[in-house]
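Values below: all heavy atoms of this structure, side chains included; hydrogens, waters and symmetry mates excluded.
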Amino acid sequence: RCVGRGPTTVLLVAGWDDAGDHWGGVEPTLEQRARVCSYSRFGTGNSDAPKTAQTFETQAADLHALLEAAGELGPYVVLGHSFGGAEAVTFASEYPNEVAGLVLLDASPLTWPTTVCSVPAYQPACAVMHDPTQDSERLDVFPAFEAARQVTSLGDLPMTVMTAAHRTDPSLPDTQLARLDAAWAEGVERWAALSSTSTTVTVEHTGHHIEIDQPAIVIAEVTKILP
């Protein structure tokens, strides 16, 4: 789905097992000054099921092929939410000449799968992370994040790392949430270190889906990074 017009295309990359249905709070405003494209990865929405296990590298390549086939050419500002953050970083690393900016929206840290598996209440999610056949996207989570760790620099690419101030989960005690907050904060620092011109924005009064809870802030930060 692509709407709007402008010299730059904003790519909206959703999180794990997300068909890209949560952008309604930001798309109508962004399309007033840029082309805006969202999509459903293999295994989500109306897209076909993936034929093999996926990584962020394969997903980035699929997105690039899709854009070429649709005639939606860059330059791109890539906005990646949650697991989509690692895909967005991979896309920027693989196609640097086509990417004009990067926004990570509560992007899952590179160590997040290990962190999730250390929480007893999250063992069902941990099991799926270890077995891509249980996941509609067939994302091979641990190898995917390990490969994303190999991206160590994006140079001086304009980049904004947006993060919710706190992890929220009423099923977890405060001590565990504090530990998750600490792991997330470390991950934010690592993401920000990829670019010499990065900015970190901490958002209060929001859950994981900042684009739903605080869309105006997302719009403002994407607008700042548009060339």
Minimum side-chain heavy-atom gap [X]-[Y] below 4.5 Å:
| X | Y | answer |
| --- | --- | --- |
| Gln59 | Gln54 | yes |
| His209 | His81 | yes |
| Arg149 | Arg190 | yes |
| Trp16 | Val128 | yes |
| Tyr122 | Leu180 | yes |
| Gln176 | Val119 | yes |
| Thr202 | Val188 | no |
| His205 | Asp213 | no |

Requested in this report: Any chance you could lay out the side chain to side chain contact (heavy atoms under 4.5 Å, CB included) test for Glu94 and His64, step after step, and finish with the verdict?
Outcome: CA-CA 10 Å; Glu94 292 290 326; His64 191 260; over 6 Å; no
Query raised in the report: Can you name the closest pair of heavy atoms from Trp112 and Ala183 and give their distance?
Result: CZ3-CB, 4.3 Å
**Report entry** Least distance between heavy atoms, Ala148 atom then Ala86 atom
**Finding:** CB-CB, 4.3 Å
[atom2] on [Y] to [atom1] on [X], rounded to 0.5 Å:
| X | Y | atom1 | atom2 | value |
| --- | --- | --- | --- | --- |
| Thr55 | Leu139 | OG1 | CG | 7.5 Å |
| Thr8 | Arg35 | OG1 | CZ | 13.0 Å |
| Leu194 | Thr152 | CG | OG1 | 7.5 Å |
| Glu68 | Glu98 | CD | CD | 7.0 Å |
| Leu12 | Cys37 | CG | SG | 8.0 Å |
| His22 | His208 | NE2 | NE2 | 10.5 Å |

Report summary line: In Leu63, Leu102, Val103, the residue satisfying side chain to side chain contact (heavy atoms under 4.5 Å, CB included) with Leu11 is Leu63
Query - Of Val77, Leu30, Thr29, the residue whose pairing with Val36 passes side chain to side chain contact (heavy atoms under 4.5 Å, CB included) - result: Leu30
Query raised in the report: Side chains of Asp62 and Tyr39: do they bring a donor and an acceptor to under 3.5 Å?
Result: no
Query - Any donor-acceptor N or O pair under 3.5 Å, side chains Ser118, Arg179 - result: yes
Query raised in the report: Is the number of heavy atoms from other residues, nucleotides or ligands under 6.0 Å of Gln134 CD greater than 12?
Result: yes
Report task. Answer yes or no: does atom CZ of Phe145 have more than 12 heavy-atom neighbours from other residues, nucleotides or ligands under 6.0 Å? Result -> yes
Query raised in the report: Is Asp21 salt-bridged to Arg1, cutoff N-O under 4.0 Å?
Result: no
Query raised in the report: Do the two ring centres, one from Phe56 and one from Phe91, sit under 6.0 Å apart?
Result: no
Report task. May I ask whether Tyr76 and Leu104 are part of the same hydrophobic cluster, defined by side-chain heavy atoms of I, L, V, M, F, W, Y residues being less than 4.5 angstrom apart, directly or through others? Result -> yes
